[in-house]
Number of protein chains: 2
Amino acid sequence: MEEHKQLFSDFLKTKGLKLTGPRQIILNTIFTYHRHFNVDALYDVIRKDHQNVSRATIYRTMPLLVESGLIKQSLRCQSKDHYEHIHGHDDHLHFLCIKCGNIIEVKSKVIDETLVQLAEEKKFILNDYNLGAKGVCEACSKKKE
Amino acid sequence: MEEHKQLFSDFLKTKGLKLTGPRQIILNTIFTYHRHFNVDALYDVIRKDHQNVSRATIYRTMPLLVESGLIKQSLRCQSKDHYEHIHGHDDHLHFLCIKCGNIIEVKSKVIDETLVQLAEEKKFILNDYNLGAKGVCEACSKKKE
DNA sequence: TATCTATTGAGAATGAATATCAAATGCAAT
DNA sequence: ATTGCATTTGATATTCATTCTCAATAGATA
Ligand SMILES: [Mn+2]
Ligand SMILES: [Mn+2]
Ligand SMILES: [Zn+2]
Ligand SMILES: [Zn+2]
């Protein structure tokens, strides 16, 4: 069994919940889809192969996946929550271009470590962080307006 | 004229817009209210003194204030966008307690500078950033459950 | 004052997200 | 396999933050 499937199964078990068919489909799709996504986009992808998974079930599954630590809610664009799977990926931050909507992922050990240290100073138990920066990407800044 | 008023007036002028009564009331309230707020809460505060300012006008004014650089959208809690005024305040990040909802503001020159440097490396023109960390505050972690 | 915009308040509309509910499913103990 | 029971599901209705519409108003300018 793939590790993420095992982890989700274990997580669900601890809550008295079951790894059902729809939940497996949602999980697999998310872990084969290597991008940030919103529920609607995910629904479209899933629907290509599984016409019987409902939007409601996807909405219901997201918080479970978040609580399990397999995915996180990392952006909000166009009035929609966006998620990404994080199991197997390092923490990173997002540079979001306000011109083209493109997202650049950046890893920074300095920021990770600084946050841990700041949390320690404030006696704050740090679960996770979300860092989004807005600006203009290289491609867009080169275009004449 | 207070500086924020002057700045907003100037900003509006460059866009062919006017610093009207309602806009002044909204601006003043925001700059005398030293907390993060959402539109509904702001509406309630404003309404105490000015029964004739509508919710729609507040919603319409927010993006102008954001674009002017006087305020920013810094959090999303309880399905609502939250703002804070930033003119006259240093950049800072937020530790949000998932138990009590409390927000701890933290300044970090290291993070500020690291972001500037990362943006430079990626040739990304950095406008602003938003860093929210989730976890448990000291008070909450001391409570027995 | 007359004219031309921008602006406003009130209420309607939008739409992402959540809640409801009866039917279906998963699972464990017979 | 069958039963019993809690969980889950799809379809649909509902919520509610935010945006839109529009007729009436206000501001600026000449
Ligand atoms: Mn990412
Ligand atoms: Mn703040
Ligand atoms: Zn771009
Ligand atoms: Zn707390």
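So you know, we letter chains A, B, ... as the sequences are listed, proteins then strands, and number each from 1.
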Problem set entry | Which residues share a ring-ring contact (aromatic ring centres under 6.0 Å, His included) with B:His50, sequence neighbours left out | none
Exercise. Under the salt bridge (Lys or Arg N to Asp or Glu O under 4.0 Å) test, which residues partner B:Arg60, sequence neighbours left out?
Worked result: none
For this session: Just grab all the salt bridge (Lys or Arg N to Asp or Glu O under 4.0 Å) pairs involving residues 2-18 of chain B, residues at least two apart or on different chains.
Result: B:Lys15-B:Glu67
For residues 124-138 of chain A, dump all side-chain donor-acceptor pairs below 3.5 Å to protein atoms at least two apart in sequence or in another chain.
unit_1   : atom_1 : unit_2   : atom_2 : d
A:Tyr129 : OH     : A:Asp112 : OD1    : 2.5
A:Asn130 : ND2    : A:Gln73  : O      : 2.8
A:Glu138 : OE2    : A:Lys142 : NZ     : 3.2

Exercise. Got a sec, which residues hit salt bridge (Lys or Arg N to Asp or Glu O under 4.0 Å) with B:Arg47, two or more places apart in sequence or on another chain?
Worked result: none
Seminar exercise, completed: Residues pairing under side-chain hydrogen bond (donor to acceptor under 3.5 Å, both in side chains) where one sits in residues 95-108 of chain B, two or more places apart or in two chains, turn out to be B:His36-B:Glu105, B:His92-B:Glu105
For this session: Would you give a per-nucleotide map of nucleotides 12-30 of chain D, 5' to 3', where B means the base has a protein non-hydrogen atom under 4.0 Å away, S means only the sugar-phosphate does, and - means neither?
Result: -----SBBBB-----B---
For this session: Return the angle between end axes of the helix from C:dT1-D:dA30 to C:dT30-D:dA1, with five pairs used per end and rounding to 10°.
Result: 30°
Seminar exercise, completed: Footprint ends on DNA chain C, 5' to 3', for atoms under 4.0 angstrom from a heavy atom of chain A, come out as C:dA16 to C:dG26
For this session: Provide, to the nearest angstrom, the distance between the CG atom belonging to A:Leu17 and the C1' atom belonging to D:dT8.
Result: 10 Å
Exercise. With sequence neighbours left out, what residues match A:His82 under ring-ring contact (aromatic ring centres under 6.0 Å, His included)?
Worked result: none
For this session: Kindly state each residue pair satisfying ring-ring contact (aromatic ring centres under 6.0 Å, His included) with at least one member in residues 52-76 of chain B, sequence neighbours excluded.
Result: none
For this session: Applying ring-ring contact (aromatic ring centres under 6.0 Å, His included), name anything that partners A:Phe31, two or more places apart in sequence or on another chain.
Result: A:His4, A:His85
